[in-house]
There are 2 protein chains.
Amino acid sequence: MAAQRKTRPDALTLEVVDLVGSVVARYHEDYEEAAARHSLTGAQARLLGLLSLEPLPMRRLAQKLKCEPSNVTGIVDRLEARGLVERRPDPADRRVKLAAATDEGREVARGLREALHFAREPLAGLSHEERLSLRDLLRRMLDEGA
Amino acid sequence: MAAQRKTRPDALTLEVVDLVGSVVARYHEDYEEAAARHSLTGAQARLLGLLSLEPLPMRRLAQKLKCEPSNVTGIVDRLEARGLVERRPDPADRRVKLAAATDEGREVARGLREALHFAREPLAGLSHEERLSLRDLLRRMLDEGA
DNA sequence: CCCGCTTGCTTGACACACTGAAATATTCAG
DNA sequence: CTGAATATTTCAGTGTGTCAAGCAAGCGGG
């Protein structure tokens, strides 16, 4: 599959790597900015986004966010203080606490998603076919890369 | 060009947006991990990467990193303490301090870049033509989106 | 010349994200 | 029932980031 492994990447590859870097940077700025408009930090926005889909135990949140559970405690604390998230006991296991978005939390998450769709949509400039091919290329990248 | 503006994005667009999100997440993990292997934080690695190309005044660094100058002070302080960066006076203007990578700093930056090329190369699985078309699509995205 | 404005950098106080270790509560296997 | 494993929290410590204030150096007009 790979035409090269440890060998020097060619100019084209370097350029693509660079472009990906730019896209990543742009995406991040937009994300943080959208979060800030709702008085949230990036971490809080990501966590709230997860909880807007379904309640999750703290442990699962930590896994999804790829950080230590002790870190999640603080983020949930702050969102809870703002009334966007609440902690509920898990009826099946009294050790676990389920974090769940409140109605207001889901509302904020929805607003955030929409702000992001706008922000993320430099895609709008691409035709249907181009989007199709971009989708396939990105899928391939994600598959190959581990 | 754009088939829609404020209207609901179609399923394909949503999927692409999602894929971009995944690529961004993956890229970030790899970046942080590569930095950590050199005992650097992401911010330190980014700053060192900039300085490995050319010395820059603190002010310019803040602009490139999109943060406050007062923040740059701390990051440069830590890199300077590790001997990877040094502050020099600007002969043209005694107010400005030029941050420059030391030899060791450039060496670390080089190692980091290579680690990143590896990490960033889920691209290796794509053919030359595919990379070409990916490059064009990414360029279009970046152009359109501002 | 020198006064006042601007510019570049640093400092200090503060919030948040994050980690790692220790404490607590609960589950679960033997 | 006892001891190991699991879920969460607390605490101390580091780094990133902001904002306001301070200091030094450039710069323009009287």
Side-chain angles (χ1 to χ4, degrees), chain A residues 25 28-29 31-51 55-82 84-100, chain B residues 25 28-29 31-51 55-82 84-100 108 112:
Chain A
H28 244 84
E29 286 167 43
Y31 196 96
E32 295 288 327
E33 192 191 320
R37 266 196 294 273
H38 293 266
S39 305
L40 295 176
T41 64
Q44 288 165 6
R46 276 184 290 277
L47 196 152
L48 186 56
L50 286 175
L51 291 188
L56 287 172
M58 306 296 278
R59 183 131 186 45
R60 296 281 306 136
L61 275 173
Q63 289 168 345
K64 298 228 183 202
L65 296 176
K66 296 184 202 303
C67 67
E68 299 300 315
S70 61
N71 188 19
V72 176
T73 298
I75 303 177
V76 169
D77 280 351
R78 282 163 217 126
L79 287 172
E80 197 169 28
R82 272 191 178 81
L84 303 179
V85 155
E86 63 180 4
R87 273 180 247 241
R88 319 209 263 252
D90 180 341
D93 185 337
R94 278 187 305 171
R95 283 173 304 181
V96 352
K97 285 176 191 168
L98 292 172
Chain B
H28 244 84
E29 287 166 43
Y31 196 96
E32 295 287 327
E33 192 191 320
R37 267 195 294 273
H38 293 265
S39 304
L40 294 177
T41 64
Q44 289 165 5
R46 276 185 289 277
L47 196 151
L48 185 56
L50 287 176
L51 291 189
L56 289 171
M58 306 296 278
R59 183 134 186 45
R60 297 281 307 135
L61 275 173
Q63 290 168 344
K64 297 228 183 202
L65 296 176
K66 295 184 204 301
C67 67
E68 300 300 316
S70 61
N71 189 18
V72 176
T73 298
I75 302 178
V76 169
D77 280 351
R78 282 164 216 123
L79 288 171
E80 196 169 30
R82 273 191 178 82
L84 303 178
V85 155
E86 63 179 3
R87 272 180 249 240
R88 313 195 191 118
D90 181 340
D93 185 338
R94 277 186 304 172
R95 283 173 303 181
V96 355
K97 285 176 191 167
L98 291 171
V108 169
L112 217 100

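The analysis underlying the following values was restricted to heavy atoms, covering all of them including side chains, and did not include hydrogens, waters or symmetry mates. Each chain gets a letter, A, B and so on, in the order the sequences are listed, and its residues count up from 1.
In terms of the salt bridge (charged side-chain N to carboxylate O under 4.0 Å, His left out) criterion, A/E68 has no residue partners (sequence neighbours excluded). In this structure, B/E32 has no side chain to side chain donor-acceptor pair (under 3.5 Å) partners at least two apart in sequence or on a different chain. Residues passing the side-chain contact (heavy atoms from CB on, under 4.5 Å) test with B/R59 are B/Q63, sequence neighbours excluded. Considering only residues two or more places apart in sequence or on other chains, B/D90 meets the salt bridge (charged side-chain N to carboxylate O under 4.0 Å, His left out) condition with none of them. With sequence neighbours excluded, the residues satisfying salt bridge (charged side-chain N to carboxylate O under 4.0 Å, His left out) with A/R95 are A/D93. Shown here are the side-chain contact (heavy atoms from CB on, under 4.5 Å) partners of A/P69, two or more places apart in sequence or in another chain: A/A62. For A/N71, there are no side chain to side chain donor-acceptor pair (under 3.5 Å) partners, not counting sequence neighbours. Annotation: salt bridge (charged side-chain N to carboxylate O under 4.0 Å, His left out) contacts of B/E29 (sequence neighbours excluded): none. Under the side chain to side chain donor-acceptor pair (under 3.5 Å) criterion, A/E86 pairs with A/R88, sequence neighbours left out.
Here the P atom of nucleotide C/dT7 and the CG atom of B/D90 are 17 Å apart, to the nearest Å. Rounded to whole Å, the distance from CZ on B/R87 to P on C/dC9 is 10 Å. The distance from atom CE of B/M58 to atom C1' of C/dC9 is 7 Å, rounded to the nearest whole Å.
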Could you run down the sub-3.5 Å N/O contacts of the protein with nucleotides 25-29 of chain C?
| residue | atom | partner | partner atom | Å |
| --- | --- | --- | --- | --- |
| C/dT27 | OP1 | A/R94 | N | 3.0 |
| C/dT27 | OP2 | A/R94 | NH2 | 3.2 |

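B/R60 comes within 4.0 angstrom of nothing in the nucleic acid, heavy atoms only.
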At under 4.0 Å between heavy atoms, which parts of nucleotides 11-22 of chain C does protein reach? Answer with one letter per nucleotide, 5' to 3': B base, S sugar-phosphate only, - none. B----SSBBBB-
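Interface limits on DNA chain D: the 5'-most and 3'-most nucleotides within less than 4.0 Å of chain B heavy atoms are D/dG15 to D/dG26.
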Would you sort out whether B/L40 and B/L112 count as a side chain to side chain contact (heavy atoms under 4.5 Å, CB included), showing the intermediate values? CA-CA 10 Å; B/L40 294 177; B/L112 217 100; 4.1 Å; yes
